[in-house]
Protein chains: 2
Amino acid sequence: MGRPRIKDVAEYAGVSAKTVSNVLNDYEHVSERTRTAVREAIDALGYRVNIAGRQLRRGRTGMIALAVPDLDVAYFAELARHVMAETERRGSTTLLVETGGRHEKELAAVRGFDAQFTDGVILSPLALQPRDLADRDTRLPLVLLGECNLPGSADHVAIDNVTAAREATEHLLSRGRRRIAVIGGDLHGSRNTSRLRTVGHQEALAAAGVALPDELVLPVPAFRWADGAAATRILMRLPERPDAMLCLNDHLALGAVRALHEDGWSVPKDLDVVGFDDIEATRFSIPTVTTVAPDKRGIARRAVELLLDRIDADGPGGPAVDETAGHRLIVRESSGG
Amino acid sequence: MGRPRIKDVAEYAGVSAKTVSNVLNDYEHVSERTRTAVREAIDALGYRVNIAGRQLRRGRTGMIALAVPDLDVAYFAELARHVMAETERRGSTTLLVETGGRHEKELAAVRGFDAQFTDGVILSPLALQPRDLADRDTRLPLVLLGECNLPGSADHVAIDNVTAAREATEHLLSRGRRRIAVIGGDLHGSRNTSRLRTVGHQEALAAAGVALPDELVLPVPAFRWADGAAATRILMRLPERPDAMLCLNDHLALGAVRALHEDGWSVPKDLDVVGFDDIEATRFSIPTVTTVAPDKRGIARRAVELLLDRIDADGPGGPAVDETAGHRLIVRESSGG
DNA sequence: CCACACGATTACATCGATGTAAATGGCGGC
DNA sequence: GCCGCCATTTACATCGATGTAATCGTGTGG
């Protein structure tokens with residue numbers, strides 16, 4: 001025999017299917033007697049609602065999707081945990097999807113994955129273009145995470161990347177560093193996080209009257225250990241070497257630290273290294289790594305809140321919201337902390 | 001207007017709804033003319049199947065769940081990537097769920113999460129008990145990952161933990177180590193990975209005629225950096241200190257390396273450290289960390305294969321399968337590599 | 001004692017897609 | 001010219017849950 005259906009529960013309890021449904025949905029006008037009878041029937045038969053039937057009727061699944069570029073990047077894994085914890089607290093389920101930063105996958109996320117099995121989407125985009133959002137179906141609530149110059153069309157939560165980078169660079173300047181390279185930096189590329197953080201870096205240098213030669217801004221193919229290590233080797237071969245590395249995430253920073261170690265440089269004696277994201281590894285690496293810590297829990301909480309509110313509103317709702325989450329610089333051994 | 005339904009497509013194309021459905025499902029006997037007409041209608045209207053309707057009718061969602069204890073543990077994040085890649089390749093979608101190793105959540109996973117939105121479940125259990133599987137509903141295919149003495153009732157993929165641990169310890173013995181502690185080890189606890197790996201360790205020591213004092217087998221509350229560091233401090237305060245640490249995952253190993261560094265010990269000069277899992281961090285830490293590398297891709301591939309086969313079989317299928325995935329010891333700096 | 005309100009319950013239609021079985025129509029063979 | 005075959009297409013019922021609106025029954029005020 002198949003799984004029990006609501007009809008089976010109804011028969012067992014001697015009521016109608018609709019009454020069982022009413023009990024399941026905490027409908028007000030159900031007598032205590034029937035309510036317990038139905039509950040007993042549910043327990044006895046081991047009944048569980050079929051989400052497909054419910055969704056078909058209600059148009060909601062109770063599930064949201066979180067789409068991130070790469071779960072191997074610890075920041076996203078940590079963020080995902082927070083998002084999951086938050087949605088669970090609010091009675092929803094999170095479907096986690098990896099986009100690999102590929103444009104087609106991010107587009108699929110914006111569109112609700114071809115199958116509408118989610119009530120809404122939280123997306124941390126890398127490759128998304130403004131026009132991808134221009135004609136999107138606004139019936140599917142969407143919250144974007146992290147930097148992206150995609151104004152107006154979707155809610156958005158991010159830290160103030162310019163300020164964060166400026167503070168990181170100010171910290172390095174205050175330690176006497178002057179040739180500060182930006183690993184993962186890029187002033188003209190499409191990756192907005194890179195651009196904004198590089199701008200912040202520039203601002204800090206400009207305010208201090210320090211030059212930023214082009215060769216010290218080094219884009220990377222991906223934000224992983226190996227890329228940080230490779231970039232470091234390139235930078236250290238420059239005629240005039242850098243005396244600090246501002247790495248746009250912690251994996252790059254850890255890769256830089258490793259590469260410097262292999263080539264016999266000491267961090268922080270010879271060079272300082274700073275990262276972004278405050279992943280757990282930076283608190284246990286040798287040396288521990290100074291990093292800009294975004295308020296991950298705050299980001300997750302706010303994103304989920306925005307999304308679920310839109311879902312509950314069940315309509316276009318208000319205009320898109322743009323929220324700034326907090327961050328702070330945590331100074332550790334890699335820059336003398 | 002709401003999203004287009006199959007009926008809208010049918011009207012637009014001038015055919016019946018069932019014909020559209022036939023096109024969607026690649027039914028053989030559809031004329032080329034109708035097929036293109038329907039395809040055009042689908043494109044024109046931007047139609048996408050409603051998974052709820054489909055599931056209701058077919059009883060399948062095309063989604064499977066992967067439930068792991070903790071995404072912060074890089075091994076699970078890496079494994080999840082492989083599982084996702086594999087299911088995607090085979091046309092399914094993976095729903096990722098974090099259990100936190102909590103018994104109630106693992107039980108929910110075994111039961112299909114109260115809502116049957118998945119066709120099957122891949123679960124990496126920590127707290128599951130044999131009796132949790134005894135009366136499970138075998139209509140929901142289930143594949144278990146990692147060690148768990150839960151015989152017979154579900155498919156199972158894992159590496160040979162006893163052998164893997166034995167090899168790791170043999171490696172340490174061959175380097176002259178004799179007082180080898182096991183961080184995360186536990187001969188009598190409920191965590192099977194701990195038990196089996198400790199047994200393997202014991203076997204290697206016994207074969208070499210080396211004693212294993214109880215105090216060198218140290219259970220930990222969780223398998224994270226901080227736990228490895230804490231355990232290390234305890235062990236290094238013993239009257240007779242260990243000369244090597246066999247850590248039952250890489251996070252513990254990295255925590256141990258850090259704690260040893262803080263207390264002025266040199267790895268691998270004073271002590272060797274070995275981990276399990278081959279997470280990316282072990283290839284970039286200072287020192288890089290020797291580790292037992294499970295064939296993650298192989299595990300993921302086989303698990304997905306087993307699960308999807310059971311789903312396709314659409315019945316109890318054959319008896320539960322128990323598969324062993326490959327592993328190899330990768331010697332790195334932390335033990336002289 | 002009746003009309004009426006209101007709480008509790010139910011019959012029925014419906015959400016969207018697809019399996020079943022039957023209808024349609026073109027073609028070759030006798 | 002009729003029959004039967006087969007490719008193609010369709011009508012209809014169905015999956016499970018729930019919204020709508022109607023029904024039932026009890027208690028209350030006039």
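Keep in mind that what you see is a predicted model, and the values were worked out from it rather than measured. Below, chain A is the first sequence line, B the second, and so on; all start at residue 1. In what follows, every heavy atom counts, from backbone to side chain, and hydrogens, waters and symmetry copies are set aside.
At a threshold of 4.5 Å between non-hydrogen side-chain atoms, the residues Leu145(B) and Leu79(B) count as touching.
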Quick one, Val49(A) with Leu24(A), criterion side chain to side chain contact (heavy atoms under 4.5 Å, CB included). Give me CA distance, side-chain angles, the key distance, then yes/no.
CA-CA 9 Å; Val49(A) 295; Leu24(A) 289 172; 3.6 Å; yes

Can you list the steps and then say if Lys296(B) with Asp277(B) is a salt bridge (charged side-chain N to carboxylate O under 4.0 Å, His left out)?
CA-CA 9 Å; Lys296(B) 296 187 201 101; Asp277(B) 292 349; over 6 Å; no

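A salt bridge does not link Arg3(B) with Asp8(B): none of the charged nitrogens is closer than 4.0 Å to a carboxylate oxygen. Between Arg81(A) and Glu78(A) there is no salt bridge, since no side-chain N of the basic residue sits under 4.0 Å from a carboxylate O of the acidic one.
Taking for each of Gly14(B) and Leu56(B) the nucleotide of DNA chain D with the nearest heavy atom, the 5'-most of the two is the partner of Gly14(B).
Asn25(B) places no side-chain N or O within 3.5 Å of a backbone atom of Tyr27(B) that could act as its donor or acceptor partner. Judged by distance alone, with hydrogens and angles left aside, the side-chain atoms of Glu106(B) form no donor-acceptor pair with the main-chain N or O of Pro125(B) at under 3.5 Å.
Listed by residue number, Ser31(B), Thr34(B) are the residues of residues 31-39 of chain B with a heavy-atom contact under 4.0 Å to DNA chain D. Residues from residues 16-28 of chain B lying near DNA chain D, meaning a heavy-atom separation below 4.0 Å, are Ser16(B), Lys18(B), Thr19(B), Asn22(B), Tyr27(B) in numerical order.
Counting non-hydrogen atoms of other residues, nucleotides and ligands closer than 6.0 Å to CZ of Arg35(B) gives a total above 12. Surrounding CZ of Arg60(A) are more than 12 heavy atoms belonging to other residues, nucleotides or ligands, all under 6.0 Å away.
Here the closest non-hydrogen pair linking Val23(B) and Arg39(B) is CG1-NE, 4.2 Å.
Here the range on DNA chain D touched by chain B, meaning any atom under 4.0 Å from one of its heavy atoms, is dA7(D) to dG16(D).
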